Amino acid sequence: MEAPLYPDLPPDPSAPRGGQPAFWVGPRHLAGDDGRLYDVVADALAGLGWTSLTIVRGRHEPDEEPEDRQVLRSTVLHISPDALRWAQWGLADEPFHLGRLPVAWQISARAEASSPLAQWSAYFTRDVPGEAVVDFLVALDASNQPASALAGPELVLDAVAAHGWFRDIDQPEAAAMDPTFTSHISLGEVPPLIQDGDLRALSAGDDETRPAGWQAWAEPVLGAPLLWVASFAASVPHDLVAAFAASLSSTAPVLRRVLPEATQERLLRAPAI
């Protein structure tokens with residue numbers, strides 16, 4: 001018999017009847033995105049008053065029927081009311097990869113609406129828990145200065161340590177991991193092609209130190225494919241990364257119907273109804 005993991009939590013009232021059963025599961029950082037990463041984030045952005053635009057690029061030959069048109073890329077762009085921040089969903093025919101996983105959400109911000117360039121960007125692949133992406137966006141939306149750093153990196157490590165994550169023995173001021181050593185967050189070298197308005201990130205030579213940015217990932221089995229990756233440009237404010245880290249490491253259960261194959265055996269679950 002399976003005992004309830006969180007008996008005091010009510011079932012989700014919006015859960016549809018029939019279909020796949022719903023479970024409260026944990027830990028959150030291994031729970032995946034339930035196959036709903038776009039819907040969860042887009043609904044949250046709509047609630048914040050962001051505007052959405054659909055961008056389609058394709059090829060249409062003469063005398064070709066509309067249903068035969070080849071769509072090469074389709075993205076959805078969400079823009080904040082002040083136009084200082086935006087989020088783009090796009091899984092292109094030639095996607096941008098992190099850890100061999102295609103990026104699903106790219107979130108950016110700038111200091112002034114007149115500037116054509118983003119001050120920074122953050123990237124999230126599929127299977128990043130939607131709750132963590134939403135909390136990052138809520139913090140971004142609430143920030144009066146979305147392109148300015150208002151706190152130090154210690155805030156990020158404190159956020160995960162408060163939920164039982166361990167600081168790395170070799171890098172206690174720059175890295176931490178969950179108690180099962182499957183999920184990590186680290187401040188260090190930023191992967192190539194990460195967009196950043198800091199000129200040092202663009203002009204630093206091979207022998208020069210580039211600005212450090214936060215990276216997070218889950219590796220359920222050592223040496224096996226990663227479950228998800230999140231990458232933050234060096235200029236992403238630490239308080240925003242801390243909001244993501246706090247949500248990612250939260251011990252509160254999340255509702256799921258679709259569980260990642262790589263972590264099913266690691267998840268604690270209890271029926272939602």
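This is a predicted model, so every value here is computed, not measured. Values below: every heavy atom of this structure, side chains too, minus hydrogens, waters and symmetry copies. Nothing fancy with the numbering, it's 1 onward along the sequence.
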Steps toward side-chain contact (heavy atoms from CB on, under 4.5 Å) verdict (Val156, Leu187): CA-CA 10 Å; Val156 177; Leu187 180 64; over 6 Å; no
Heavy-atom pair of closest approach, residues Pro211 and Val190: O-CG2, 4.0 Å
Spatial distance of atom CZ (Phe181) from atom CG (Leu222) [nearest 0.5 Å]: 12.5 Å
Value rounded to 0.5 Å, distance of OG1 in Thr125 from CZ in Arg100: 14.5 Å
Between OG on residue Ser183 and CE on residue Met177, distance to nearest 0.5 Å: 10.5 Å
Taking every non-hydrogen atom, the tightest pair across Ser247 and Ala132: OG-CA, 3.3 Å
Chi angles and distances behind the side-chain contact (heavy atoms from CB on, under 4.5 Å) call for Leu267, Phe23: CA-CA 11 Å; Leu267 293 171; Phe23 295 92; over 6 Å; no
Shared hydrophobic cluster, Phe136 / Val138 (ILVMFWY, side-chain heavy atoms < 4.5 Å): yes
Non-neighbouring partners of Trp217 that pass ring-ring contact (aromatic ring centres under 6.0 Å, His included), sequence neighbours left out: His184
Option from Gln20, Arg269, Glu265 for which side chain to side chain contact (heavy atoms under 4.5 Å, CB included) with Leu259 holds: Arg269
Qualifying side chain to side chain donor-acceptor pair (under 3.5 Å) pairs, either residue in residues 144-157, two or more places apart: Glu154-Arg167
Within 6.0 angstrom of Glu189 CD, more than 12 heavy atoms from elsewhere: no
Linked, directly or transitively: Leu155 and Val160 (ILVMFWY side chains, under 4.5 Å): no
CD-CD1 distance between Gln106 and Ile194, expressed to the nearest 0.5 angstrom: 8.0 Å
Heavy-atom pair of closest approach, residues Thr75 and Gly90: CG2-CA, 3.9 Å
Approximate separation, where rounding is to 0.5 Å, of Ile79 CD1 and Leu45 CG: 11.5 Å
Single-linkage hydrophobic cluster Leu37~Leu248, side-chain heavy atoms < 4.5 angstrom: yes
Test item: Tyr38 and Asp33 side chains (from C-beta on) under 4.5 Å apart, heavy atoms: no
ILVMFWY cluster, Leu157 and Phe166 together (side-chain gap under 4.5 Å): no
Under 3.5 Å: donor-acceptor pair, side chain of Arg266, backbone of Leu30: no
Donor-acceptor contact present, side-chain Arg36 to main-chain Arg256, <3.5 Å: no
Run the side-chain donor-acceptor check on residues 224-241: report pairs under 3.5 Å with partners two or more places apart or on a different chain.
unit_1	atom_1	unit_2	atom_2	d
Trp228	NE1	His29	O	2.8
Ser231	OG	Gln215	OE1	2.4
Ser235	OG	Asp196	OD1	2.6
Ser235	OG	Asp196	OD2	3.4
His238	ND1	Trp214	NE1	3.0

Separation of Asp178 CG from His163 NE2 (nearest 0.5 Å): 13.5 Å
Taking every non-hydrogen atom, the tightest pair across Ala262 and Pro220: O-CB, 3.8 Å
Least distance between heavy atoms, Ala118 atom then Trp86 atom: CB-CZ2, 3.7 Å
Heavy-atom donor-acceptor pair, Asp34 side chain to Val258 backbone, under 3.5 Å: yes
Glu219 side chain vs Gly223 backbone, donor-acceptor pair below 3.5 Å: yes
Test log, rule side-chain contact (heavy atoms from CB on, under 4.5 Å), inputs Ser250 and Glu131: CA-CA 10 Å; Ser250 172; Glu131 294 85 357; over 6 Å; no
Heavy-atom closest pair, residues Ser108 and Leu140: O-CD2, 4.5 Å
For Phe124, the option from Phe244, Phe96, Trp105 that meets ring pair (Phe, Tyr, Trp, His ring centres under 6.0 Å): Phe244
Contact check, side chains of Trp24 and Val254, non-hydrogen atoms, under 4.5 Å: no
Any donor-acceptor pair under 3.5 Å from Arg28 side chain to Pro129 backbone: no
Trp89 with Val40, same ILVMFWY side-chain cluster at under 4.5 Å: yes
